Amino acid sequence: MLIATFNVNSIRQRIEHLTRWLKSREPDVVCLQELKCLDEAFPREEIEALGYQVETFGQKTFNGVAILSRHGIAIEHRGLPGFLDEQARYIEGVVSLPQGHALGAVLRIAGVYFPNGNPVDSAKFEYKRGFMAALTRHAESLLALEEPLIIAGDYNVIPTPDDARFPENWRGDALFQPESRADFRKLCALGFTDAIRATSDNPRLYSFWDYQAGAWQRDNGIRIDHLLLSPLVADRLLETGIDREMRAEEKPSDHVPVWCRLKG
DNA sequence: ATGTCGCGACCATCGCGA
């Protein structure tokens, strides 16, 4: 069972990259962020042709999230419960697993696209913190269900200095503010495992490189796309990966896919 | 600090968000 998250930075610009990657990586469930289009403009047929159920929560121009699943998925939320929001940043559903699966009958998956939050002295940062507070509250209620649960997506948070090539460059940025990092730690402290950090102590594990100033060529990256695993999922974690070679393709997204493989 | 994208308004560049 392979679960992935990928911020595509416009699904219409990235559909060819995505389908190529789906064919080679063969993930079971994928959370997508930054669709940047309405549901009716989402190129669903190309993805359905590869055997995926496609569930979208789109928005014109900005944001937008989706879940792709090779197993049946029932969407329970479009929009984060308890957080009034005009922006499409949250989608949650329950995947029905094949009979006799090691995880049990279901896997709950939430796809998130956190607000960027810059500049820090603006309402945008307060909005980011409010989103995190609401997600933490909601995650607490989900953990009480004691189901296997993954919250996957673009958190727009650099958790530690090891998650940036040049951490000093991010001082004062909303992605690396003490408050943003503390909020992320508080969410994790509910009992989630950061899948990448649980399986590797390699430095330079990044998921995003800015388009500007030759960031990719200099490996000036940050790790902001995360897979948070509930205890029942963490118990079955086998390996993780970051498909950084996607960033070297023609017309790439500024993010690359991050994935984890589970037993069963 | 900024050497870049993608979108949508509007028709050719520009402002916004990242």
Side-chain angles (χ1 to χ4, degrees), chain A residues 5-21 31-44 46-47 56-66 80 85-90 111-132 135 152-159 161 163-177 179-181 183-184 206-226 243-258:
Chain A
T5 178
F6 183 22
N7 179 323
V8 291
N9 187 18
S10 169
I11 186 62
R12 289 177 292 177
Q13 294 298 319
R14 229 62 66 194
I15 184 62
E16 311 245 322
H17 302 73
L18 176 65
T19 53
R20 260 198 315 274
W21 173 77
C31 295
L32 299 178
Q33 302 87 37
E34 283 207 83
L35 308 179
K36 295 189 172 179
C37 68
L38 292 166
D39 292 339
E40 50 266 40
F42 187 100
R44 62 168 48 245
E46 292 90 323
I47 299 170
T56 61
F57 181 36
Q59 178 188 334
K60 190 173 177 164
T61 314
F62 303 120
N63 312 310
V65 289
L80 179 56
D85 197 354
E86 310 206 325
Q87 306 186 16
R89 297 184 174 276
Y90 185 88
V112 295
Y113 175 49
F114 264 76
N116 174 291
N118 279 304
V120 167
D121 60 0
S122 75
K124 293 181 178 180
F125 191 61
E126 287 311 306
Y127 170 65
K128 177 178 196 162
R129 298 209 64 200
F131 186 92
M132 180 60 106
L135 179 63
D154 176 0
Y155 284 70
N156 267 317
V157 175
I158 303 165
D163 299 308
R165 178 71 186 283
F166 301 110
E168 63 278 11
N169 288 0
W170 296 90
R171 255 187 315 170
D173 193 287
L175 279 62
F176 196 55
Q177 277 302 106
E179 292 90 341
S180 308
R181 295 168 55 194
D183 288 348
F184 183 77
Y206 308 132
S207 64
F208 168 92
W209 297 259
D210 201 283
Y211 287 125
Q212 295 188 68
W216 167 247
Q217 287 74 14
R218 293 159 199 242
D219 196 23
N220 176 11
I222 52 177
R223 192 175 71 93
I224 55 176
D225 299 274
H226 307 301
D243 291 331
R244 62 178 280 142
E245 64 279 4
M246 294 272 293
R247 188 63 178 78
E249 292 186 2
E250 290 291 307
K251 304 274 285 171
S253 171
D254 41 6
H255 297 248
V256 297
V258 177

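Per chain, numbering begins at 1; letters A, B, ... match sequence-line order. None of these values were measured; they are calculated from a predicted model. Note: hydrogens, waters and symmetry copies are ignored here, and every other heavy atom, side chains too, is used.
- When rounded to the nearest whole Å, the span between CD of Gln217(A) and P of dT4(B) equals 11 Å.
- Going from the P atom of dC7(B) to that of dG3(B) covers 23 Å, rounded to whole Å.
- Following rounding to the nearest Å, Ile158(A) (CD1) and dA18(B) (C1') show an atom-to-atom distance of 13 Å.
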Would you tabulate the pairs of protein nitrogen or oxygen atoms and nucleotide nitrogen or oxygen atoms of nucleotides 5-9 of chain B closer than 3.5 angstrom?
unit_1	atom_1	unit_2	atom_2	d
dG6(B)	OP1	Arg14(A)	NH1	3.1
dG6(B)	OP1	Arg14(A)	NH2	3.1
dG6(B)	OP2	Lys251(A)	NZ	3.0
dG6(B)	O3'	Ser10(A)	OG	3.3
dC7(B)	OP1	Ser10(A)	OG	2.5
dC7(B)	OP2	Gln13(A)	NE2	3.0

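- When the P atom of dG3(B) is taken as reference, atom CG of Asn220(A) falls 15 Å away, rounded to whole Å.
- Under the salt bridge (Lys or Arg N to Asp or Glu O under 4.0 Å) criterion, Asp173(A) pairs with no residue at all, not counting sequence neighbours.
- With sequence neighbours excluded, no residue forms a ring-ring contact (aromatic ring centres under 6.0 Å, His included) with Phe176(A).
- Straight-line distance between the C1' atoms of dT2(B) and dG17(B): roughly 16 Å, to the nearest whole Å.
- For residues 111-122 of chain A, proximity to DNA chain B is found at Tyr113(A), Asn116(A), defined as any non-hydrogen atom under 4.0 angstrom from a strand atom.
- Contacts of Thr56(A) classified as side chain to side chain donor-acceptor pair (under 3.5 Å), with partners at least two apart in sequence or in another chain: Asp39(A).
- Under the ring-ring contact (aromatic ring centres under 6.0 Å, His included) criterion, Tyr127(A) pairs with Phe83(A), not counting sequence neighbours.
- Taking the side chain to side chain donor-acceptor pair (under 3.5 Å) definition, one finds that Arg181(A) meets it with nothing, sequence neighbours left out.
- In this structure, Lys128(A) places its NZ atom 16 Å from P of dG17(B), rounding to the nearest Å.
- Stretches of at least 3 consecutive Watson-Crick or G-U wobble pairs, with each checked distance under 3.5 Å, appear in DNA chain B as B:4-9 with B:13-18.
- Atom P of nucleotide dA18(B) and atom OH of Tyr155(A) are separated by 19 Å, given to the nearest angstrom.
- dT4(B) atom P lies 10 Å from atom CG of Asp210(A), rounded to whole Å.
- For Asn9(A) and Lys36(A), the side-chain atoms include at least one donor-acceptor pair closer than 3.5 Å.
- Residues passing the side chain to side chain donor-acceptor pair (under 3.5 Å) test with Trp170(A), sequence neighbours excluded: none.
- In this structure, the ring-ring contact (aromatic ring centres under 6.0 Å, His included) partners of His255(A), at least two apart in sequence or on a different chain, are Phe208(A).
- Applying the ring-ring contact (aromatic ring centres under 6.0 Å, His included) rule to Phe57(A) yields no partners; only residues at least two apart in sequence or on another chain are considered.
- Distance, Phe208(A) CZ to dT4(B) C1': 10 Å, rounded to whole Å.
- If Ala213(A) and His255(A) are placed on DNA chain B by their nearest nucleotide, the residue sitting closer to the 5' end is Ala213(A).
- Atom CG in Asn63(A) sits roughly 7 Å away from atom P in dA18(B) (whole-Å rounding).
- If you check the side chains of Asn220(A) and Arg165(A), you find no donor sitting under 3.5 Å from an acceptor.
- Among residues two or more places apart in sequence or in another chain, the side chain to side chain donor-acceptor pair (under 3.5 Å) test is passed with Arg247(A) by none.
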